[in-house]
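Whatever order the structure lists them in is the order used to number ligands and atoms, beginning at 1.
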Amino acid sequence: MKPQILIARAIFPEVIAKLAQHFDVESNPSDALWTQAELTHKLQGRQGVFTTGGERIDAELLAACPDLKICANMAVGYNNFDIAAMTAAGVLGTNAPDVLTETTADFGFALLMATARRMAEAEHFLRAGHWTRWRYDMFAGADIHGATLGILGMGRIGQGIARRGAMGFGMKVIYHNRSRLDAATEAECKASFVGKEELLRSADHLVLVLPYSASSHHAIGAAELAQMKPTATLVNIARGGIVDDAALAVALRNKTIAAAGLDVFEGEPKVHPDLLTVPNVVLTPHIASATMPTRLAMAHLAADNLIGYLIHNKPLTPLNPAVLAL
Ligand code: DGY
C-alpha cells in the first residue's frame, strides 16, 4: 500500500503526477479553501500534507491527525506551522528555501522602484484620463540610485536585495538583523550593519524581509514610522503583521513617510480598508515569488520533501530535524 498524502491547494498537474508515482494522493483541483475542520477531516489516515503557506498546522490539528508525519510547505516562510507543537507531536515540517531567493529579491526591488517612482499612482491617473498636460512636479518621486537602502532582515532574500542595490544602483546599503552577517558576506553584499534606530533614521528606502514571529509582530508601527525620513519609502515583502497596517495608513496620509509598497498584509487576503484609500501606496497580492519557473521549483521542492521523507527517510529542507532523531 502506498502512503497517503493530501495536497491542500491546486498545484501544477505535473507535480501531482510526480507525487502520484509514490503516494495515494488526494488533491484539490478546484482549489477549494477548506476550513480547519475540513482540513483535519481530510487528513485522517494520511501521512503527509502538501501545504502552500495558508494552512494552519497547530497542536489541535496535530492531536486530531495521529497518522500525520510530515507537512511540506510550498513557501520559504512557515508561520502557518507551529513548529514546537509539530516537534512535540513528532511531525516533520519542511519549507522551500533558496529556489525563490532571486525571484523574490527581483520583486522586492521592482516594488521599491514602483513605490519610489509613484508608478501605480501615475498609471491610475493616466487610465482615468487626467493626463492633459505636462507639469514640472507631476509624479516626481524619489531617486533610487545613490540613495541609502535599508534592509530589515538580512537572510538570503535580504542579501539578494542588497546586492541589487549596491551593484546595480550604486546605493549605500545598511541593514539590521537579529545577528550580524560574517565579514565576507557583508563585503559581498557591500552592506553595513547598523542598529534598528539608525536603520529607521537613515534609510531613504527601507525594505522588510524578516520572518514573522511573535517578536516581529508590528516591528514597524507608529513609533518606528515616526523615526523615518518624511521622504522615505517602506516596502514589505516579508509577512503581513510585521507592519501595523492601520498605523501605516495614517503615516501615509499624514506624509510621515512618502510612500509604501506592500505585497503582504495583516489578515490577507483582506487588506486594511484605509490602505485602499491612500494614494501613495502600491499594493500587490502576495506575488513576490510568483514567476512560473520559481513557483514550479517551489512545488517540486515541497514534493521532493514528501518523497524524500516518507519514501527515503531523507527530507531535503527540514525545519525541525530533531524529529528525524526520534
Ligand atoms: C514564501 O515563500 O514564504 C512566500 O511568501 C510565498 O510566496
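- Side chains of Q159 and Y175: a donor-acceptor N/O pair is absent below 3.5 angstrom, by distance only.
- If you check the side chains of T277 and R253, you find a donor sitting under 3.5 Å from an acceptor.
- The proximity of N95 to ligand 1, defined as any non-hydrogen pair under 4.0 Å, does not occur for either the backbone or the side chain.
- Protein heavy atom nearest atom 1 (C) of ligand 1, with residue, atom name and distance: V76 N, 3.4 Å.
- Shown in contact with M298 at under 4.0 Å from a heavy atom are these atoms of ligand 1, numbered in order with element: 2 (O).
- Close approach of ligand 1 to R295 is summarised as follows: ligand atoms under 4.0 Å from at least one heavy atom of the residue are 7 (O).
- Close contacts between ligand 1 and H286 involve ligand atoms 4 (C), 5 (O), 6 (C), 7 (O) [criterion: under 4.0 Å to a heavy atom].
- Relative orientation of the Y212 and H217 rings is perpendicular, given thresholds of 30° and 60° on the angle between their planes.
- Between H176 and E198, the side chains place no donor N or O within less than 3.5 Å of an acceptor N or O (distance only, hydrogens not considered).
- Of the residues N73, L19, N28, N305, the one that meets the side-chain contact (heavy atoms from CB on, under 4.5 Å) test with F50 is L19.
- Of the polar atoms of G77, at least one N or O is found under 3.5 Å from an N or O of ligand 1, judged by distance alone.
- Atoms of ligand 1 lying under 4.0 Å from at least one heavy atom of S289, given by number and element, are 6 (C), 7 (O).
- Salt-bridge formation is not detected for the pair E268/R239: no Lys NZ or Arg NE/NH1/NH2 atom is positioned less than 4.0 Å from an Asp or Glu carboxylate oxygen.
- Every N/O-N/O distance between M74 and ligand 1 stays at or above 3.5 Å.
- Within ligand 1, counting atoms from 1 as listed, the ones closer than 4.0 Å to a heavy atom of A75 are 1 (C), 2 (O), 3 (O).
- With respect to the salt-bridge test (charged N to carboxylate O, under 4.0 angstrom), the residues R164 and D106 qualify.
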